[in-house]
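All of these numbers come straight from a predicted model, not from anything done at the bench. Position 1 is the first residue of the sequence, and the numbers go up from there.
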Amino acid sequence: MARASEAGQTRGGVLIKLLLGVAVVLAACSLAWMLLLPVVVAKVVSSRTGFNLRVDSLAVNPFSASVKIKGLVLSNPSDFPISDFVHVRSFVVDAEPSSLWSDRIVIDRAELDVAEVALVKDKQGRSNAALFQERLAGPADAAPSPAQPQSSSKSKGFLIRQLDVRFDRLLMVDYSGGQPTTKEMNLDYRHTYRDVTSSVQIAVPILGRVTALGGTLGDFAGKLGDQARDAAKQASQQLRDTGKKAEKVIKGLFDSLSGRGK
């Protein structure tokens with residue numbers, strides 16, 4: 001009996017050590033994930049766009065479908081007159097895991113805290129926002145031949161049940177006219193959105209705040225063409241209108257920026 005008891009204790013001790021070892025390995029993997037993921041993401045974005053990205057911390061939990069970012073700083077390429085572009089204090093997303101495999105991603109709650117966005121045009125008239133968007137999207141795909149019909153797959157839709165946005169400061173700097181001009185706006189924007197299904201819903205009140213402070217984003221459309229600038233000017237004039245009319249104007253702007261309005 002004594003030997004059986006000792007054998008049981010030995011097996012129990014081995015099992016505990018095994019579990020502790022597994023726990024240590026999992027903890028080390030989690031730590032490596034948290035430390036390396038920001039570096040990998042920053043390297044990919046920077047190499048693709050030429051804009052330097054730095055992230056203080058980035059945590060992604062695939063099991064709970066949550067993302068937490070702190071201290072995201074996106075800087076302009078070295079040939080721009082100033083380096084400032086985007087500074088996000090924090091960005092938090094809590095999604096429904098099952099929705100990641102459906103046609104629509106459902107986000108229960110999200111928080112976005114933006115310290116500053118600096119829209120800059122260099123001496124050649126290039127807009128940092130337009131240039132970043134173009135490079136991130138990559139070259140346009142060639143038109144498919146009759147033998148290779150275009151894919152009918154669509155990008156996923158989304159629903160954000162609650163989105164809390166804080167946007168402190170907007171800076172617009174223009175070096176294209178010889179003498180640099182700077183316009184700084186303390187937006188002090190705070191808003192809680194409900195049931196968001198389109199970027200238009202997010203953009204309308206923000207652009208409305210910019211317009212109320214005497215600003216317009218149309219001058220920073222850069223190389224995106226007259227269509228985008230005209231859409232932005234039209235949006236600036238009509239943003240105080242409410243309802244579908246204002247949303248239609250902003251949707252035209254987004255379509256122009258993405259090239260769908262051509």
Side-chain angles (χ1 to χ4, degrees), residues 30-76 83-100 102 104-120 128-133 135-137 155-171 185-210 217 250 254 257-258:
S30 299
L31 180 60
W33 170 270
M34 289 186 292
L35 292 177
L36 293 177
L37 189 58
V39 177
V40 173
V41 172
K43 185 176 181 179
V44 170
V45 173
S46 299
S47 62
R48 185 181 182 91
T49 65
F51 288 74
N52 184 55
L53 176 65
R54 189 189 80 241
V55 180
D56 289 342
S57 67
L58 168 59
V60 179
N61 189 331
F63 300 103
S64 63
S66 64
V67 178
K68 297 181 180 179
I69 299 174
K70 289 186 178 180
L72 184 150
V73 177
L74 185 64
S75 303
N76 295 318
S83 62
D84 296 345
F85 184 13
V86 176
H87 178 196
V88 175
R89 293 190 187 94
S90 63
F91 179 49
V92 179
V93 172
D94 291 313
E96 293 184 1
S98 60
S99 71
L100 300 180
S102 67
R104 185 175 70 165
I105 297 176
V106 178
I107 298 174
D108 292 321
R109 191 168 185 272
E111 298 177 4
L112 177 61
D113 186 351
V114 181
E116 179 183 87
V117 172
L119 301 177
V120 183
N128 61 344
L131 186 63
F132 178 74
Q133 183 186 34
R135 290 181 177 179
L136 188 64
S155 60
K156 287 187 176 184
F158 65 90
L159 167 64
I160 306 177
R161 292 198 170 100
Q162 180 176 325
L163 170 62
D164 295 311
V165 175
R166 174 180 177 180
F167 191 167
D168 285 348
R169 185 168 175 259
L170 177 64
L171 185 66
M185 287 182 286
N186 293 316
L187 299 181
D188 194 27
Y189 181 80
R190 309 286 188 276
H191 192 74
T192 296
Y193 299 82
R194 306 283 183 182
D195 298 328
V196 177
T197 57
S198 168
S199 56
V200 174
Q201 294 172 253
I202 303 173
V204 168
I206 294 176
L207 293 181
R209 178 64 173 165
V210 172
L217 302 184
I250 304 301
F254 274 79
L257 295 177
S258 62

[X] (side chain) donor-acceptor with [Y] (main chain) under 3.5 angstrom:
X	Y	answer
N186	D188	no
S46	K43	no
R48	L136	yes

Quick one: are [X] and [Y] in side-chain contact, heavy atoms under 4.5 Å?
X	Y	answer
L58	V67	yes
Y193	I160	no
D108	E96	yes
R161	R194	no
R166	V114	no
N76	F51	yes
I107	D94	no
V86	V73	no

Checklist line | Intermediate values then yes/no, side chain to side chain contact (heavy atoms under 4.5 Å, CB included), Q162 and T192 | finding: CA-CA 7 Å; Q162 180 176 325; T192 296; 3.9 Å; yes
Check: Between I202 and V196, does a side chain to side chain contact (heavy atoms under 4.5 Å, CB included) hold up when you go through it step by step?
Finding: CA-CA 8 Å; I202 303 173; V196 177; 3.9 Å; yes
Notebook entry, point to check: Looking at A110 and V93, what are the two nearest heavy atoms and their distance?
Noted result: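 The pair with the smallest heavy-atom distance is CB-CG2, 4.3 Å.
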Next item on the list: Give the minimum heavy-atom separation between S102 and S99, together with the two atoms involved.
Entry: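 Nearest pair, atom of S102 first, then S99: OG-O, 2.8 Å.
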Notebook entry, point to check: Could R89 and D168 be called an ion pair, given the rule that one side-chain N must be under 4.0 Å from one carboxylate O?
Noted result: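 Here R89 pairs with D168 in a salt bridge, since their nearest N and O are under 4.0 Å apart.
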Just how far is it from atom [atom1] of [X] to atom [atom2] of [Y], taken to the nearest 0.5 Å?
X	Y	atom1	atom2	answer
D195	Q201	CG	CD	8.5 Å
N128	T49	CG	OG1	11.5 Å
H87	S75	NE2	OG	10.0 Å
S90	K68	OG	NZ	11.0 Å
R209	L170	CZ	CG	11.5 Å
I69	D113	CD1	CG	12.5 Å

Check: Would you call the rings of F85 and F132 parallel, tilted or perpendicular if under 30° counts as parallel and over 60° as perpendicular?
Finding: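 Rings of F85 and F132: perpendicular, over 60°.
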Checklist line | CA sep, side-chain torsions, deciding dist, call: L159, I105, side chain to side chain contact (heavy atoms under 4.5 Å, CB included) | finding: CA-CA 6 Å; L159 167 64; I105 297 176; over 6 Å; no
Checklist line | Test side chain to side chain contact (heavy atoms under 4.5 Å, CB included) applied to V117 and F167, step by step | finding: CA-CA 9 Å; V117 172; F167 191 167; 3.7 Å; yes
Item checked: Sole candidate of R109, R190, H191 that passes side chain to side chain donor-acceptor pair (under 3.5 Å) when paired with D164 ->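 Of the listed residues R109, R190, H191, the side chain to side chain donor-acceptor pair (under 3.5 Å) partner of D164 is R109.
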